[in-house]
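Quick notes on the structure that follows.
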There are 2 protein chains.
Amino acid sequence: MTKDENSGKRPTLKDVALAAGVSVATASYALNDVGSVGGDTRRHVLEVAARLGYRPNLSAKAMRTGKTSAIGLILPDLTNPFFPALAQNVVHAARESAYSVFVTDTQGSHEAERAAAQALIQRGVDGLIWFPINDEDTLADLTGSLPVLVLDRDNPRHDLIQIDVDSGGRMAAERLIRAGHQRIGVISGPTDVRSSRQRSESSAEVLRRHDALAWHLHNAYSFDLEPAVAAAVADGSATALCVGADLIALGAINTLRQRGLRVPEDVSIIGFDNIPYGALAFPGLSTINIPVEEMGIEAVNTLLRRIAKPTESRRRLVFDVTYVERGTVAPPPAA
Amino acid sequence: MTKDENSGKRPTLKDVALAAGVSVATASYALNDVGSVGGDTRRHVLEVAARLGYRPNLSAKAMRTGKTSAIGLILPDLTNPFFPALAQNVVHAARESAYSVFVTDTQGSHEAERAAAQALIQRGVDGLIWFPINDEDTLADLTGSLPVLVLDRDNPRHDLIQIDVDSGGRMAAERLIRAGHQRIGVISGPTDVRSSRQRSESSAEVLRRHDALAWHLHNAYSFDLEPAVAAAVADGSATALCVGADLIALGAINTLRQRGLRVPEDVSIIGFDNIPYGALAFPGLSTINIPVEEMGIEAVNTLLRRIAKPTESRRRLVFDVTYVERGTVAPPPAA
DNA sequence: CCTAAAAAATGAAACGTTTAATTAAAATGG
DNA sequence: CCATTTTAATTAAACGTTTCATTTTTTAGG
């Protein structure tokens, strides 16, 4: 009807106001449902906006309000199979609230971590969901009063979402004891992070109590076992393995197979993380499940609440883990 | 020295200009290295900016210039093991050029795809890297003249980065023939996408020429085989399998094992994609490698060039694939 | 009816940049 | 040394919003 379309370009608030025969201010109030606008006017503006296909310019809005409705997600390594599900749920949960997510990974480097954070802050993100490399608060000087939610690590300043790793470690150990094993080896993952260290320590503690701890070794977070670990795994000193990370557990299975040992007939194994690979192995890897999906969702919820109420007291949310039985646990061989 | 720090808030260009005793315009010119600014002045401004820790407000810049130096990445499914490496490289390559990346996945739904695209466009991204669900140009009406780079699909309007799937399909088939197999089954993945269909068709064609095609079936992109496929895989009608996707190939291995058949002693298998899981299986899955990392990098390069020169002629880049031998190919059993 | 109060609508400033148009200063050359 | 050109610096407008302070209109109360 009215030939108000402004030649090609995306319509602006001014265009809407003009077309609706109303001031820019009123148009803004109407669209944002604030201020005092008459019912008829409001409806009319909305209708005109819809007709013109008006979409607010978020850059302009951001500049004026100082809020971008974007958040940053900083992860150690996207190709680590643990993270994609987390990222996915963060992105989806954010979208529910009309937030968009800048995703970055830092390849385990502190410099990259800082660079990423700087870039995001400069972009004006309203908050950060941060899975730090280790427990150090390497961004302390950068984040200032920016809302930050920290995942699976310790941090003295920010909201925390963590996992009850102790209970996970215990569950794994207890399951193997219950299966009748009496010589159980423990392989722990990265040792510079409390949440990782503690998984295996809890296992070890339980095993010690039952006098069933064969040995306790470390391995990098990797499919390849270090020689000492590989040797221990295959030398028959343990009939079962409690491993602090699925990826390492899969590596252990691989090593065992290469040396002609069968899982679970000769050696039982329980991992930790429940990464998707585990379900695809044959037999499926028994493991401790971490509710990554829920963590992702809760991370954005918590962060958005913090953005809304910056002064509310700090939160620390701890998620339960569960044991998922698949095919890598059996009674010890010479039963 | 000079007590010009503006009480807590992030310093603005005005603060820099003030502190440097120069106009805002000059400060802007100096920092962006444009316009005519004296060498001394330029250095001085830079120095002051550094001292104050000035970082431009990107929202303001975006509003003024219409460029956000952000791009969007739209993927079908982040938890599909094929994508994280791609996403990672896109993010890193973008950062090299001071671009940030909004990552979204669409869970295979066309509506989600459109919603994601809309959100990104509204955000004012300078361009899109899009791995569509299928070959339909479902965003045609949304993208307008926005630079878009399409991955692994066909599209009549945008720059394309594709894979030489034909050669991949042929390589796989030829490798199995060369190993001595004469009854080879083909399982193709999703059939509604050319690039996926063609993988298996190329394999089948080669096999037909050698009179070695036992059968050609379809399976959804999934670890679980459909009953008919599972039956064919295990009924001895084929001594080798040419599979259009690693995930399905792993599912086939699993099915074979469950029915007491060994890989590769009884049945040889070659997959397609080279997803990370494959390397972790035992034995490792022989497969066709797609250079996802390079594709990710080249995607942002191509997109950024397109953003810079919107009128340049359309590009179509085709990446070679390679065969990677691991442990799932052997001569046929009754050799 | 008139006035006071409440509701609706508006004008204009502000957010932090970039950049076109302008002016001021310095360099060049006859 | 003056006129001209080149170089350097400045002023001010503009980008698309939100929102404060005002003005205009409507409603209510006596």
Salt bridge (Lys or Arg N to Asp or Glu O under 4.0 Å): which pairs involve residues 294-306 of chain A, sequence neighbours left out? A:Asp159-A:Arg306

Selected nucleotide, minimal atom distance to A:Arg64 side chain, candidates C:dT17, C:dT19, C:dA14: C:dA14

Side chain to side chain contact (heavy atoms under 4.5 Å, CB included) partners for A:Pro84, two or more places apart: B:Pro84

For B:Val24 and for B:Thr65, locate the closest nucleotide of DNA chain D by heavy-atom distance; then report the residue assigned to the nucleotide nearer the 5' terminus. B:Val24

Short side-chain N/O contact to C:dT17 OP1/OP2 from B:Lys14, under 4.0 Å: no

Sorted by number, the residues of residues 116-128 of chain B with heavy-atom contact under 4.0 Å to DNA chain D: none

I need the residues from residues 26-41 of chain A with at least one non-hydrogen atom less than 4.0 Å from DNA chain D; give them sorted by number, or say none. A:Ser28, A:Tyr29, A:Asn32

Who are the side chain to side chain contact (heavy atoms under 4.5 Å, CB included) partners of B:Thr26, not counting sequence neighbours? B:Val22, B:Ser23, B:Val37, B:Thr41

Qualifying residues under side chain to side chain contact (heavy atoms under 4.5 Å, CB included), relative to B:Thr68, sequence neighbours excluded: A:Ser59, B:Ala62, B:Ala70, B:Asp126

Comparing B:Met63 and A:Gly21 on DNA chain C - which has the more 5′ nearest nucleotide: A:Gly21

Taking only residues two or more places apart in sequence, or in another chain, which ones meet A:Asp33 in a salt bridge (charged side-chain N to carboxylate O under 4.0 Å, His left out)? A:Arg42

Whether B:Asp154 and B:Arg194 form a salt bridge (side-chain N of Lys/Arg under 4.0 Å from carboxylate O of Asp/Glu) is what I want to check. yes

Taking the axis from the first five pairs and the axis from the last five, what angle separates them in the helix from C:dC1-D:dG30 to C:dG30-D:dC1, rounded to 10 degrees? 40°

Residues in side chain to side chain contact (heavy atoms under 4.5 Å, CB included) with B:Ile297, at least two apart? B:Asn89, B:Ala93, B:Asn301

For DNA chain D, note the earliest and the latest nucleotide, 5' to 3', having some atom under 4.0 Å of a heavy atom belonging to chain B. D:dA8 to D:dG16

Does a donor on one side chain sit under 3.5 Å from an acceptor on the other, for A:Gln122 and B:Asn57? no

Could you pull out the closest heavy-atom pair between B:Ala117 and B:Leu142, with the gap in Å? CB-CD1, 4.2 Å

Give me each pair satisfying ring pair (Phe, Tyr, Trp, His ring centres under 6.0 Å) with a member in residues 119-141 of chain B, each pair once, sequence neighbours excluded. B:Phe83-B:Phe131

Hey, can you pull the donor-acceptor pairs under 3.5 Å for the side chains in residues 103-112 of chain A, sequence neighbours left out?
unit_1   : atom_1 : unit_2   : atom_2 : d
A:Asp105 : OD1    : B:His92  : NE2    : 2.6
A:Asp105 : OD2    : A:Leu78  : N      : 2.8
A:Asp105 : OD2    : B:Gln88  : NE2    : 2.5
A:Thr106 : OG1    : A:Leu75  : O      : 3.4
A:Gln107 : OE1    : B:Gln88  : NE2    : 3.2
A:Ser109 : OG     : A:Glu111 : N      : 3.2
A:Ser109 : OG     : A:Ala112 : N      : 2.9

Counting distance only, does the side-chain N/O of B:Arg95 pair as donor-acceptor with the main-chain N or O of B:Ser100 below 3.5 Å? no

Could you check B:Tyr54 against B:Leu31 for side-chain contact (heavy atoms from CB on, under 4.5 Å), going step by step and ending with a plain yes or no? CA-CA 10 Å; B:Tyr54 168 73; B:Leu31 287 163; 3.6 Å; yes

